[in-house]
Amino acid sequence: MASVSSQPQFRLTQPPSKVLHLRNLPWECTEEELIELGKPFGKVVNTKCNVGANRNQAFIEFADLNQAIAMISYYASSSEPAQVRGKTVYLQYSNRQEIVNNKTTADVAGNVLLVTIEGADARLVSIDVLHLVFSAFGFVHKITTFEKTAGFQALVQFSDAETASSAKNALDGRNIPSYLLPEHIGPCTLRITYSAHTDLSVKFQSHRSRDYTNPNLPVAPSAIDGGGLFSVGLDGKKLEPESNVLLASIENMQYAVTLDVLHMVFSAFGPVQKIAMFDKNGGLQALIQYPDVQTAVLAKEALEGHCIYDGGFCKLHISYSRHHDLSIKVNNDRSRDYTIPNTAMLNPQPSILGHQPVSTIGPPAHPYSGTQFAPPTEHPAMPQPSAGWAAGVLAAPHSMLAQMSNQPYLPPGAMPPQMGPGMMSMAGPSRLPQGAAMPPPYRPGQMQ
DNA sequence: AGCACA
């Protein structure tokens, strides 16, 4: 009575599926042979051969469930077994409902790009860098990365084929800007084709896959340490536990970074409850409190390593704080509790208009101007702010204010004084790339 | 001869 059916993976009967699992196939069975086998019963819409350790298994997917049932039923009662090249093949319903194929390339333009990253250090390119690069062309819905014989590859999903093709046209054959990459790593060239996918299935956020449309997606179990206290970072190194409070330190602070600048930058991801600024080791640091961990994670991932101002000025380094609720004793120019409704009390009306950054947001000599990305037909020193993809690329990593203050988070019915016209002008929409239909990272109501 | 990526 050693019933194999007690092992779920060897159940004798599978529930019907459009997908059939085939085994005992001859060596190097081709897709054509599989189609030939299935054709009498219906339309084979997809196949996958050379599956399994011996590469002698395969899947075929019919257009219709009834066609799969017809094939199974036929061979269940036939005296002639199913055969390929005279070899008996065994078939049953697959335990999956559709074939997910890695036939990643397509001939026609689609909304998903297949990106191959070439270069000795290609696999050191993080999914966040890819996200940044491709976000310059529009909202990136999802990214998955994987390693195949072709090397390190990624699938990047946009809303539509138009956005995807603008990214493809701009980036194919170009190098990822070195300033986005870790130190001392070689050039990484992007080779881009269209993928046959239209909607990637991302089950959890991990170091290999992201779904930017669903911030509530669970983090991959594989990316969480057994204790659960520490999560594993993009490079597999341990990180401090996540927190709703971020610790930001500001490097290369050529320009004053005020409470209001920080509030604006961090408000792009959700309501900022409290900010406390202080000096440490000769540099400026700030604690930024969000209502929840999730928002803080979003903000950290988006902002880490980026500069508030163009030209590498005021670079942010962000980690999770051990704090969870800051105690703000007094509202002044270095600390503020935005949850206190008494706006009259906290209104020093600082405005960065009094500081130089307004005129220096776009430094005259842009150090990154198109040298790596700019198409040869354009003037590298003169990125066209509203027309070129180059401006978009540059805007993403270097002018966060320009992009993020576009639609900062505002509490319903509230117009904080620090969101005055001075602030908005500094982030003038003129710097936004044309394709900046990119939704703001945070919208009230979107995240429950 | 028994189910594919993260």
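Fair warning: this is a prediction, and the values are worked out from it, not measured in the lab. Within every chain, numbering begins at 1; the chains are lettered A, B, ... in the order of the sequence lines, protein sequences first and strands thereafter.
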*Write down the distance between NE2 (A:His207) and P (B:dC5), rounded to a whole number of angstrom.*
15 Å
*asked:* Closer than 4.0 angstrom, basic N to acidic O: yes or no for A:Glu301 and A:Arg210?
replied: yes
_d(CG, A:Asn95; P, B:dG2) in whole Å_ = 14 Å
*Run the salt-bridge test on A:Arg85 and A:Glu33 with the 4.0 Å N-O cut-off and return the result as yes or no.*
yes
*Nearest-Å distance, NE2 (A:His197) to P (B:dC5)?*
13 Å
*May I have the distance from A:Ile60 (atom CD1) to B:dC3 (atom P), rounded to whole angstrom?*
17 Å
*Between A:Phe41 and A:Tyr75, is the ring centre distance below 6.0 Å?*
yes
*Counting only side-chain N and O atoms of A:Arg96, is one of them less than 4.0 Å from OP1 or OP2 of B:dA4?*
yes
*Write down the distance between OH (A:Tyr93) and P (B:dG2), rounded to a whole number of angstrom.*
21 Å
*Sugar-phosphate only, base, or nothing, as touched by A:Ser94 at under 4.0 Å among non-hydrogen atoms*: base
*Measure the distance from CG on A:Asn54 to P on B:dA4 and round it to the nearest whole Å.*
13 Å
*Closest nucleotide of DNA chain B for A:Thr144 versus for A:His21: which of these residues is on the 5' side?*
A:His21
*Any stacking of A:Phe59 on B:dA4, going by centres under 5.5 angstrom and planes within less than 30 degrees?*
yes
*Do the side chain of A:Gln153 and the main chain of A:Thr116 share a donor and acceptor less than 3.5 angstrom apart?*
no
*asked:* Whole angstroms only, please: what is the CG-C1' distance between A:Asn24 and B:dG2?
replied: 11 Å
_Tell me whether the side-chain N or O atoms of A:Gln92 pair up with the base of B:dG2 as donor and acceptor below 3.5 Å, since no angle test is needed here._
yes
_Cation-pi check for A:Phe62 against A:Lys43: NZ or CZ below 6.0 Å from the six-membered ring centre and within 45 degrees of the axis, yes or no?_
no
*Calculate the interatomic distance between A:Gln14 atom CD and B:dG2 atom P; express it in whole Å.*
14 Å
*What does A:Ser201 touch in the nucleic acid at a heavy-atom separation under 4.0 angstrom: a base, only the sugar-phosphate, or nothing?*
base
